[in-house]
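Read through the structure below, which is laid out as structure tokens, and then see the notes.
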Amino acid sequence: MDKNNFRPAQAARVLAALQARYPQPHTHLHADTAWQLLVATVLAAQCTDARVNLVTPHLFRRWPGPADLAEASQEDLEEVIRSTGFFRSKAKNLLGAARRVRDVYGGTVPASLAELVTLPGVARKTANVVLFGAYGINEGLAVDTHVKRISFRLGLTDALDPVAVERDLMEVFPKDEWGDVNHRMVWFGREVCMARKPRCAACELADICPRREPPI
DNA sequence: ATCCCGAGGG
DNA sequence: CCCTCTGGAT
């Protein structure tokens, strides 16, 4: 295999395998609106989606939309989201985001990457997740801990910086697949290609994985 | 580079 | 005990 053609060819194989394994990719975060998806995604930083889904029902019942949360006290919000970790900074950022969505965007979560990243606590990963999940827009490819680890292991990137990883992935995956690639890699990362002890023996991609254990 | 921070698994 | 979980701001 030519070195210059390795990544695109590898990406095509990875995509086919993940499509076969996960025919219907979707987020595992529970949210009914764009705003709620934004809140859930912010809470999901360094936290399992299962844990996030444990607190969001209470959060969304008490403060359904941005105008509601904008009036909440930080102490009350901290108490509700405490178990998701980083609860002080998450509460502060969510209150700031709620006020900005209410005051600057008329209560509607903006539908562009440039506008989303102006919200406190929202950078490219969260913005990409919200853009695709709420609006079906593939402006970028959300790179989280799973996407980063799996892309590196499978040889789709040599980069460690998430922005560079995103650029490499955008080059080798079709644009209309970016959102689904994220969902599929997250799913795959939970079930098979885990950080600590990957299940290489049960992995259908092991034969094309440069980092399978044990190595050939 | 460092800090933020709780909860579950091995 | 240590590592990891759909990161972001300083």
Side-chain angles (χ1 to χ4, degrees), chain A residues 18 21-22 24-31 34 36-56 58-59 74-75 77-101 113-134 137-154 156-157 159-166 169-170 173 177-200 213:
Chain A
L18 291 180
R21 184 181 184 90
Y22 303 112
Q24 296 180 319
H26 56 85
T27 181
H28 291 79
L29 293 172
H30 299 163
Q36 292 184 359
L37 178 60
L38 191 156
V39 172
T41 307
V42 167
L43 293 178
Q46 300 294 293
C47 176
T48 62
D49 50 359
R51 172 64 49 186
V52 173
N53 289 334
L54 235 42
V55 313
T56 45
H58 303 278
L59 203 167
Q74 183 165 334
E75 292 73 20
L77 181 55
E78 285 179 0
E79 184 179 353
V80 172
I81 69 173
R82 190 177 191 285
S83 68
T84 66
F86 297 160
F87 62 90
R88 288 189 198 83
S89 48
K90 285 177 180 176
K92 182 177 180 177
N93 286 333
L94 286 175
L95 287 179
R99 295 187 189 112
R100 184 167 172 81
V101 168
L113 202 53
E115 290 175 307
L116 279 167
V117 297
T118 69
L119 300 174
V122 178
R124 290 190 66 91
K125 181 264 172 181
T126 298
N128 280 322
V129 168
V130 171
L131 265 184
F132 180 72
I137 297 174
N138 279 309
E139 193 170 340
L141 203 162
V143 175
D144 52 69
T145 183
H146 294 296
V147 173
K148 180 179 170 180
R149 177 181 69 251
I150 291 164
S151 299
F152 186 79
R153 283 179 176 169
L154 287 170
L156 301 178
T157 183
L160 299 178
D161 167 32
V163 177
V165 174
E166 182 180 1
L169 296 183
M170 289 167 71
F173 288 117
E177 295 289 342
W178 291 351
D180 289 336
V181 166
N182 168 270
H183 287 149
R184 286 176 166 126
M185 282 195 180
V186 170
W187 207 339
F188 185 64
R190 288 199 340 237
E191 290 189 340
V192 181
C193 196
M194 300 100 83
R196 187 88 71 100
K197 190 183 157 196
R199 297 173 178 162
C200 300
E213 289 293 340

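By convention in this document, chain letters (A, B, ...) are assigned in the order of the sequence lines, proteins followed by strands, and residues within each chain are numbered from 1.
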(message) Aromatic contact between His28(A) and Trp187(A), with the criterion being ring centroids under 6.0 Å apart: yes or no?
(response) yes

(message) Within the 4.0 Å heavy-atom criterion, would you say Val143(A) contacts the bases, only the backbone, or no part of the nucleic acid?
(response) nothing

(request) Could you check Val117(A) against Val129(A) and say which one's nearest nucleotide on DNA chain C is further toward the 5' end? (result) Val129(A)

(request) Write down the distance separating the P atoms in dG8(C) and dA7(B), rounded off to the nearest Å. (result) 22 Å

(message) Would you say that Trp178(A) contacts Leu169(A) through its side chain, given a criterion of any heavy-atom pair below 4.5 Å between the two side chains?
(response) no

(message) Output the rounded distance in Å from CG (Leu169(A)) to C1' (dT6(C)).
(response) 14 Å

(request) Please tell me which of the listed nucleotides, dG8(C), dT6(C), dT4(C), lies nearest to the side chain of Ala123(A)? (result) dG8(C)

(message) When you compare the side chain of Cys47(A) with that of Lys90(A), does any pair of heavy atoms fall below 4.5 Å?
(response) yes

(request) For a side-chain contact (heavy atoms from CB on, under 4.5 Å) with Arg100(A), tell me which candidate from Leu95(A), Val122(A), Thr118(A) qualifies. (result) Thr118(A)

(request) Would you mind reporting whether Lys125(A) and Val147(A) have side-chain heavy atoms less than 4.5 Å apart? (result) no

(request) Send over the distance from Asp144(A) CG to dG8(C) C1', rounded to a whole Å. (result) 14 Å

(message) Once you apply a heavy-atom cut-off of 4.0 Å, does Arg184(A) come out as touching a base, just sugar-phosphate, or nothing?
(response) nothing

(message) Once you apply a heavy-atom cut-off of 4.0 Å, does Thr27(A) come out as touching a base, just sugar-phosphate, or nothing?
(response) base

(request) Rounded to the nearest angstrom, tell me the gap between atom CG in Leu38(A) and atom C1' in dT6(C). (result) 14 Å

(request) Between dA1(B) and dT6(C), how far apart are the P atoms? Round to whole Å, please. (result) 25 Å

(message) At under 4.0 Å between heavy atoms, how does the protein contact nucleotides 1-10 of chain B? Give one character per nucleotide, 5' to 3', with B, S or -.
(response) ---BBBSSB-

(request) Show the numbers, then the answer: is there a side chain to side chain contact (heavy atoms under 4.5 Å, CB included) between Leu38(A) and Leu119(A)? (result) CA-CA 10 Å; Leu38(A) 191 156; Leu119(A) 300 174; 3.7 Å; yes

